[in-house]
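Excluded from the calculations below are hydrogen atoms, water molecules and symmetry mates; all remaining heavy atoms, backbone and side chain alike, are included.
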Amino acid sequence: MCGITGWVSFDRDLRSASGTLDAMTETMSCRGPDDRGTWIEGPAGLGHRRLAIIDLPGGRQPMTVRTPRGTVALVYSGETYNYTELRRELTGRGHEFTTESDTEVVLRGYLEWGEAVAERLNGMYAFAVWDGRRDKLVMIRDRMGIKPFYYYETPDGVLFGSEPKAILANPLARARVTADGLRELSTFVKTPGHAVWDGMNEVEPGTVVTVDRSGLRRHVYWRLETRPHPDGRDESVAKVRELLEDIVRRQLVSDVPRCTLLSGGLDSSAMTALAARQLGAVGETVRSFAVDFVGQSENFVADALRSTPDTPYVHDVAKAAGTDHRDIVLDSHALAAPEVRAKMIRARDLPMGFGDMDASLYLLFRAIREHSTVALSGESADEVFGGYLQFFDEEARSADTFPWLVKFAEQFGDDADVLRPDLTAALDLPAYIQGSYDTAVAGIQRLDGESDFEFRMRKICHLHLTRFVRVLLDRKDRASMAVGLEVRVPFCDHRLVEYVYNAPWSLKSFDGREKSLLREATADVLPRSVYDRVKSPYPSTQDPKYAIALQGHVKDLLAEHAHPVFDLVDRDRAMRAAERDVPQITQASRRGLERTLDLALWLDMYKPEISLA
């Protein structure tokens, strides 16, 4: 797991610009604290920061191979879980290896198969190949978009990086945000390819982007496709278990300490229990970590989303699976600390946060990094197996919009009126959301003979797997890599995603509950308490001290009368929220306080040019 960056300029020799490439590379030192490297040859320069996971001494980058027709150089971020099989195949085809790393397997795979190497990889990855034989840059991103990847076209080439900050460190990139960028910041739609920053794009998941002297081209090598599901209930449950066993086994491979993230929910508990069983067979014990808040278990109050606290269920799983478990307990002072909020803004390059849930995730990962370098997460199981409330809510099911938005304000608080009224009117967010939704559902394939209800549920599943999940994957990647922790997501294995996506909804919910296939596939390794537990989202603090701290920070901001945040934010609304009595601080007003602080920090750090023209 690493950070990659690069610059291709067909009209110049970049050896004279090594200082700029160094600056781009250093922006991602958190992603790769173990090593750094740069490589420049003619019009191409590549930079790399390394977090060493496999083959610690042998996996240095950029990695190059000299051929009679030119140098082929690679910078790579991620993990290829089937690299041992690919290595054997490539060895049989005559390739000789000098390291034990998956990086060299990907490089040799490119030499053998070209861009089609992407179709052979099982893993999470974002990598770029400079092919000096053809003066061509090839950028490839994993199927589900687990690893981030951005590019910025220039008059004579392209800049790229794992994160926008690497690109913005180059003087050719303009730190500018237009009205569409603000719309993307203010909605929860995750438009594919949209990077918020003007002129910048994401390499979309499952896509190859090539750049040569004739221009830039995109090729989709994987997309979520509709296929018949031939298996019945028993066969489907058995297939899910078979896939999970193989996925967890592959993702436990590491030359550094690894652990699991355990929430006490079905997803993380199943993953932890399977990992514990596999490692236990070879005499190893799984480490597990959970997040909690001071006084949360003792003073927990149930709400519409969270009916139970996590900790009792976490401890049930840790005991049953025999993990070496540790709770990371956070207080409201740490959650509200401006320096923690700033870390997350810097990690994401954008004010697209989840408030205290972002802060707690960052602090959890920072604590875990003291003990482990790799963590397995249950992220994405809800999208794959159908776990969210909106999958079962008839209003959300039938709405002509993204289903998670139907009751978003009711469940998480509505901060739509944080922005100045004139800005809100100019952005016309409802129209942006509707246009995005119409585009998102237009290409979803319907199975022959599929009922209206089953097709409606297929669309909901598709939207979650191509839009919603990408927000959460990006959040997890940025928070973890900000502290040099690699988080793996077994439920994003494309084989599992394809198989379960095409199972009909009647099969995914055969017992009338969420995630029926996952529950039954792992029933034998789960404590009964977890098997019976109702879905509970990532925890959020209920301590009023957190909201009080937010109010204090916003009051400090209001005292700065000329702060540019009030060119975007409604000052009067912010003032009312900051003065509200604690019992009257709603979820909406808390979200408004958080968003105001996020925007202010972002403006201070990046000083973006905001253009509504």
Side-chain angles (χ1 to χ4, degrees), residues 1-5 24 27-32 49 77 124 126 141 145-152 160-169 173 175-177 181-198 200-203 205 335-366 369 377 379 415 467-487 489 538 565 568 591 594-608 610:
M1 197 63 66
C2 309
I4 65 172
T5 191
M24 295 169 68
T27 62
M28 295 179 299
S29 58
C30 290
R31 294 188 73 92
R49 291 290 317 204
S77 170
M124 54 179 187
R141 191 176 182 195
I146 304 168
K147 302 312 298 175
F149 203 174
Y150 297 85
Y151 66 93
Y152 186 104
F160 70 84
S162 292
E163 297 177 356
K165 62 176 63 68
I167 293 171
L168 294 173
R176 182 172 183 261
V177 175
L182 289 178
R183 292 181 180 108
E184 193 71 14
L185 275 178
S186 303
T187 56
F188 197 170
V189 300
K190 195 62 178 80
T191 304
H194 204 304
V196 176
W197 300 99
D198 187 39
M200 195 181 297
N201 296 279
E202 282 189 314
V203 177
L335 291 172
E339 59 269 24
V340 173
R341 185 175 301 278
K343 290 284 188 182
M344 278 303 295
I345 297 295
R346 181 62 178 164
R348 301 188 75 175
D349 294 307
L350 294 170
M352 298 182 69
F354 288 80
D356 71 299
M357 292 186 286
D358 266 0
S360 65
L361 193 68
Y362 171 82
L363 292 169
L364 170 66
F365 288 160
R366 189 173 71 180
R369 186 62 175 87
S377 166
E379 191 81 89
D415 62 354
R467 296 293 189 103
F468 191 90
V469 76
R470 293 179 187 174
V471 176
L472 302 184
L473 289 173
D474 186 72
R475 169 178 175 258
K476 189 171 290 287
D477 175 88
R478 305 304 185 85
S480 60
M481 294 308 294
V483 297
L485 176 71
E486 174 177 296
V487 174
V489 279
Y538 185 89
V565 74
L568 302 176
R591 276 183 55 82
E594 290 170 332
R595 190 173 179 198
T596 298
L597 293 169
D598 285 350
L599 283 166
L601 281 168
W602 176 62
L603 292 169
D604 287 341
M605 288 182 190
Y606 289 86
K607 296 179 173 50
I610 307 293

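- Across S77 and C2, no two heavy atoms sit closer than the pair OG-O, 2.9 Å.
- R31 pairs with exactly one of D477, I4, V483 by the side-chain contact (heavy atoms from CB on, under 4.5 Å) rule, that one being D477.
- For the atom pair L568 CG and S186 OG, the distance stands at 9.0 Å (nearest 0.5 Å).
- Looking at every heavy atom in both residues, L599 comes nearest to P351 through CD2-CG, 3.7 Å.
- Among R341, R591, R348, the one residue that satisfies the salt bridge (Lys or Arg N to Asp or Glu O under 4.0 Å) test with D358 is R348.
- A side-chain donor from one of T191 and E184 sits under 3.5 Å from a side-chain acceptor of the other.
- At a threshold of 4.5 Å between non-hydrogen side-chain atoms, the residues T27 and R49 do not count as touching.
- T596 OG1 to L601 CG: the interatomic distance, rounded to the nearest 0.5 Å, is 11.0 Å.
- No side-chain donor-acceptor contact under 3.5 Å links S162 to the backbone of F149.
- For the side chain to side chain donor-acceptor pair (under 3.5 Å) test, no residue two or more places apart in sequence or in another chain qualifies with Y362.
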- Message: Evaluate V487 against F365 for side-chain contact (heavy atoms from CB on, under 4.5 Å), listing each step before the verdict.
- Response: CA-CA 9 Å; V487 174; F365 288 160; 4.1 Å; yes
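- With contacts defined as side-chain heavy-atom distances shorter than 4.5 Å, the pair V340/L335 does not qualify.
- The shortest heavy-atom contact between R478 and A347 is NH1-O, 3.1 Å.
- Rounding to the nearest 0.5 Å gives a distance of 10.0 Å between CZ of R595 and CE of M352.
- Using cut-offs of 30° and 60° on the angle between ring planes, the pair F188 and F354 is perpendicular.
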- Intermediate values then yes/no, side-chain contact (heavy atoms from CB on, under 4.5 Å), V203 and Y150: CA-CA 6 Å; V203 177; Y150 297 85; over 6 Å; no
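- A166 approaches G161 most closely through the heavy-atom pair CB-CA, 4.3 Å.
- To the nearest 0.5 Å, atoms CD1 (I345) and CE (M605) are separated by 6.5 Å.
- In terms of modelled atom types and a separation under 3.5 Å, the side chain of R141 and the main chain of K147 share a donor-acceptor contact.
- Using a 4.5 Å heavy-atom threshold, the side chains of R475 and M357 count as touching.
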- Pair M344-L361, side-chain contact (heavy atoms from CB on, under 4.5 Å): steps then yes or no: CA-CA 10 Å; M344 278 303 295; L361 193 68; 5.8 Å; no
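- Annotation: the span from K165 atom NZ to M24 atom CE amounts to 13.0 Å, rounded to 0.5 Å.
- A donor-acceptor pair is defined here as one N or O able to donate and one able to accept, closer than 3.5 Å; such a pair exists between the side chain of W602 and the backbone of D349.
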- Message: If you apply the rule side-chain contact (heavy atoms from CB on, under 4.5 Å), what do you find for L350 with W197, and how did you get there?
- Response: CA-CA 9 Å; L350 294 170; W197 300 99; 3.6 Å; yes
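- Here T187 contributes atom OG1 and L182 contributes atom CG; the two are 10.5 Å apart, rounded to the nearest 0.5 Å.
- Contact annotation: the side chain of K190 approaches that of E202 to within less than 4.5 Å [non-hydrogen atoms, C-beta and beyond].
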